[in-house]
Amino acid sequence: MSDGAPISVLWPDPSPEPVDDDTLIARYGRADRPHLRMNFVTSVDGAVSLDGYSAGLSGAPDKRVFGLLRMLCDALLVAAGTLRHEGYRAIRLDERRRAWRRAHGLTEYPTLVVASGTLNLDPAQAAFADAPVRPVVLTRRDAAAPPGLTAVADLVRLGDDRVDLVAGLAELRRRGLGQLLCEGGPQLFGALTAADLVDEVCLSVAPLLAGAGPGRITAGIPSPARSLPLRHVLRADDGTLLLRHARH
Ligand SMILES: NC(=O)c1ccc[n+]([C@@H]2O[C@H](COP(=O)([O-])OP(=O)(O)OC[C@H]3O[C@@H](n4cnc5c(N)ncnc54)[C@H](OP(=O)(O)O)[C@@H]3O)[C@@H](O)[C@H]2O)c1
């Protein structure tokens, strides 16, 4: 598997030597129980975006881990807001990553799961229209589907005034999708935190001051603070820190 931007380990077991992808895979891994991992990138001063998008925060080291985390999951959960705004395309993995998945008894591609209360979704968006695996949409019971959406995605209706995320994750587990990676965005992160569903946060800290304006990586429903122990700190040559915090 192609090793990308140089990344080394600061803690635990510090070493200045760049790590290969196998070492990174071992450090992030797959959990031995149902697990929800969040992955975000932020600036030193906590911004969720630069000029409205996450791309301005995400350098090569963040992209390297981003790709590996996609390879490791059963399903990739994303909020409709981020899917629309960032123009999500179909989740594709290169042949080496597909081979890794096959060798580890996984499907070739993870399943895309979209959380949307309104079903304001475009079935022609490549994330749906071009998907190698039929996506799942978690939505509210009475949300009206736009024409064509049921042709390209399974709708799972749970919850009356908002998507019931506890029931939604249980349904995904029932479908064999136990290892979940969530790429945000902030409203969904806030809701998952409030429901106490977040097991892990992988956070890339870009060496940038974004200044005032952008929001945080979490938003929406306030919830009690919860402990989330540090599990590793990686460092990239460009000064990006790659943190992993997890309950277990
Ligand atoms: N820095 C990063 O790593 C990162 C990662 C992701 C996103 N972002 C940034 O975040 C911004 C997008 O944020 P956003 O405000 O649109 O938030 P979001 O969390 O991406 O999307 C919110 C939408 O998610 C859907 N949703 C479904 N169930 C929900 C629930 N239980 N709770 C909350 N939302 C639920 C709703 O969609 P419907 O409207 O369809 O009902 C809601 O409007 C963009 O600027 C993007 O670039 C940054």
Side-chain angles (χ1 to χ4, degrees), residues 36-59 61-67 69-70 76-89 91 112-123 125 127-128 135-146 149 153 155-172 180-198 200-206 208 210 213-223 240-245:
L36 175 63
R37 162 183 281 164
M38 308 296 303
N39 186 31
F40 277 93
V41 61
T42 188
S43 62
V44 170
D45 51 353
V48 71
S49 59
L50 270 187
D51 301 323
Y53 294 90
S54 56
L57 298 169
S58 173
D62 175 63
K63 289 189 173 70
R64 180 176 173 195
V65 170
F66 181 94
L69 297 187
R70 282 188 167 192
L76 171 56
L77 171 63
V78 66
T82 291
L83 178 100
R84 290 188 291 257
H85 184 79
E86 299 264 348
Y88 262 55
R89 301 155 75 107
I91 300 165
L112 176 68
V113 179
V114 180
S116 171
T118 62
L119 288 183
N120 174 19
L121 300 170
D122 178 2
Q125 183 170 346
F128 297 112
V136 174
V137 178
L138 302 179
T139 190
R140 290 183 290 116
R141 241 178 298 272
D142 62 353
L149 188 62
L155 303 194
V156 175
R157 295 175 176 279
L158 301 156
D160 291 322
D161 31 324
R162 67 170 62 113
V163 180
D164 182 336
L165 295 169
V166 173
L169 266 55
E171 170 60 18
L172 295 176
L180 301 177
L181 170 66
C182 179
E183 294 180 353
Q187 299 280 345
L188 182 59
F189 186 18
L192 290 164
T193 302
D196 198 18
L197 290 168
V198 175
E200 175 174 338
V201 176
C202 296
L203 184 66
S204 299
V205 183
L208 287 171
R216 291 173 55 197
I217 60 171
T218 192
I221 307 169
S223 56
T240 300
L241 285 180
L242 300 144
L243 312 177
R244 178 174 172 267
H245 290 256

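Just follow the structure's listing: the first ligand is 1, and inside any ligand the first atom is 1.
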Asks: Taking only residues two or more places apart in sequence or in another chain, which ones pass salt bridge (charged side-chain N to carboxylate O under 4.0 Å, His left out) with D161?
Replies: none
Asks: I want to check something: taking the side chain as every heavy atom from C-beta on, are C182 and L192 in contact at a cut-off of under 4.5 Å?
Replies: yes
Asks: Is there a side-chain contact between V48 and T218 (heavy atoms, below 4.5 Å)?
Replies: no
Asks: Name the residues in contact with ligand 1, where contact means a heavy atom under 4.0 Å away: which are they?
Replies: F40, V41, V48, G52, Y53, S54, A79, A80, G81, T82, R84, H85, E86, A115, S116, G117, T118, V163, L165, E183, G185, P186, Q187, L188, A191
Asks: Is there a side-chain hydrogen bond (donor to acceptor under 3.5 Å, both in side chains) between S54 and E86 once you walk through the steps?
Replies: CA-CA 8 Å; S54 56; E86 299 264 348; 3.1 Å; yes
Asks: What is the distance from atom CE of M38 to atom CG of L197, rounded to the nearest 0.5 Å?
Replies: 10.0 Å
Asks: Whether R140 and D142 form a salt bridge (side-chain N of Lys/Arg under 4.0 Å from carboxylate O of Asp/Glu) is what I want to check.
Replies: yes
